[in-house]
Amino acid sequence: IEVDNPLSGSRVLLVEDEIIVSWLLQDMLADLGYEVVGPAARVDQALAIIEAEDIDAVLLDLNLNGQMSYPVADALVARGIPFVFATGYAKNRLLDGYQTFPVLQKPFHRLEVGDALAKLLTEEAPKPASLPSFQ
């Protein structure tokens with residue numbers, strides 16, 4: 001697929017525990033011209049990748065095998081890396097401090113993923129109201 005994406009080549013970390021969804025998203029991101037970093041299926045994997053890699057944006061699954069990914073969100077906020085929560089949960093199910101962040105509702109289409117990433121990479125990332133700490 002030929003993509004005319006000015007953000008092509010941006011490095012997007014994929015944090016997703018469902019292998020089929022992960023494959024689907026990797027294909028979508030590649031089709032959109034992004035370079036996929038990861039994927040990470042667990043909080044500790046995601047934190048290690050964030051530590052080691054240059055990342056432009058993150059698609060962050062909220063629930064990783066029963067573990068919430070808020071510690072990953074906190075690490076991204078601390079580094080100023082924009083992210084979008086990818087989840088089946090309604091936005092109002094997010095913890096209070098995190099409801100200002102963008103959410104992609106599962107299931108989603110390539111167009112929605114593309115739009116969400118374009119926004120992340122071109123706009124000022126939202127700042128948390130006051131984040132609870134999960135450290």
Student: Please confirm whether the backbone N or O of Gln105 pairs with a side-chain atom of Lys91, one donor and one acceptor, at under 3.5 Å?
Tutor: no

Student: Leu104 and Leu59: side chain to side chain contact (heavy atoms under 4.5 Å, CB included), yes or no, with the steps?
Tutor: CA-CA 9 Å; Leu104 259 178; Leu59 270 180; 3.7 Å; yes

Student: Measure from the side-chain N and O atoms of Asp56 to the backbone N and O of Arg11, and report whether any donor-acceptor pair falls under 3.5 Å.
Tutor: yes

Student: Does the side chain of Asn63 reach to within under 4.5 Å of the side chain of Tyr89, using non-hydrogen atoms?
Tutor: yes

Student: Should Ser22 and Glu18 be marked as a side chain to side chain donor-acceptor pair (under 3.5 Å) after you check the CA-CA gap, both sets of side-chain angles, and the distance that decides it?
Tutor: CA-CA 6 Å; Ser22 180; Glu18 297 284 336; over 6 Å; no

Student: Report yes if some heavy atom in the side chain of Pro39 is under 4.5 Å from a heavy atom in the side chain of Gln26; otherwise report no.
Tutor: yes

Student: Is any side-chain heavy atom of Leu121 closer than 4.5 Å to one of Tyr34?
Tutor: yes

Student: Kindly compute the distance separating CG (Leu60) from CG (Leu64), expressed to the nearest 0.5 Å.
Tutor: 7.0 Å

Student: Any donor-acceptor pair under 3.5 Å linking the side chain of Thr122 with the backbone of Ala118?
Tutor: yes

Student: Has the side chain of Glu112 got a donor or acceptor atom that lies under 3.5 Å from a matching backbone atom of His109?
Tutor: yes

Student: Under the criterion side chain to side chain contact (heavy atoms under 4.5 Å, CB included), which of Leu76, Val43, Asp44 is the partner of Pro71?
Tutor: Val43

Student: Should Trp23 and Met28 be counted in the same cluster of Ile, Leu, Val, Met, Phe, Trp and Tyr side chains packed under 4.5 Å apart?
Tutor: no

Student: In the structure I gave you, are the side-chain heavy atoms of Val36 and Val12 within less than 4.5 Å of one another anywhere?
Tutor: no

Student: Which atom names give the shortest non-hydrogen contact between Ala75 and Leu47, and what distance separates them?
Tutor: CB-CD2, 3.6 Å

Student: Ion pair present between Glu16 and Lys106, side-chain N to carboxylate O less than 4.0 angstrom?
Tutor: yes

Student: Find out whether Phe83 and Val77 are in side-chain contact, i.e. whether some heavy atom of one side chain is under 4.5 Å from a heavy atom of the other.
Tutor: yes

Student: Would you say Ile49 and Val15 make side-chain contact, with heavy atoms under 4.5 Å?
Tutor: no

Student: For a quick test of reading the model, state the closest non-hydrogen atom pair linking Asp61 to Ser69 and the distance between them.
Tutor: O-OG, 2.8 Å

Student: Which atom names give the shortest non-hydrogen contact between Ala46 and Leu13, and what distance separates them?
Tutor: O-CD2, 4.4 Å

Student: Under a 4.0 Å threshold between the charged nitrogen and the carboxylate oxygen, would Asp17 count as salt-bridged to Arg42?
Tutor: no

Student: Could you tell me whether the side chain of Gln99 and the main chain of Leu94 form a donor-acceptor pair under 3.5 Å?
Tutor: yes

Student: Measure up the Phe85 and Tyr70 rings against each other and bin them: parallel (under 30°), tilted (30 to 60°), perpendicular (over 60°).
Tutor: perpendicular

Student: So, for Pro102 and Leu120, which heavy atoms are closest and what is the spacing to 0.1 Å?
Tutor: CG-CD2, 3.9 Å

Student: Can you name the nearest heavy-atom pair linking Leu117 to Ala57, along with the distance?
Tutor: CD2-CB, 4.1 Å

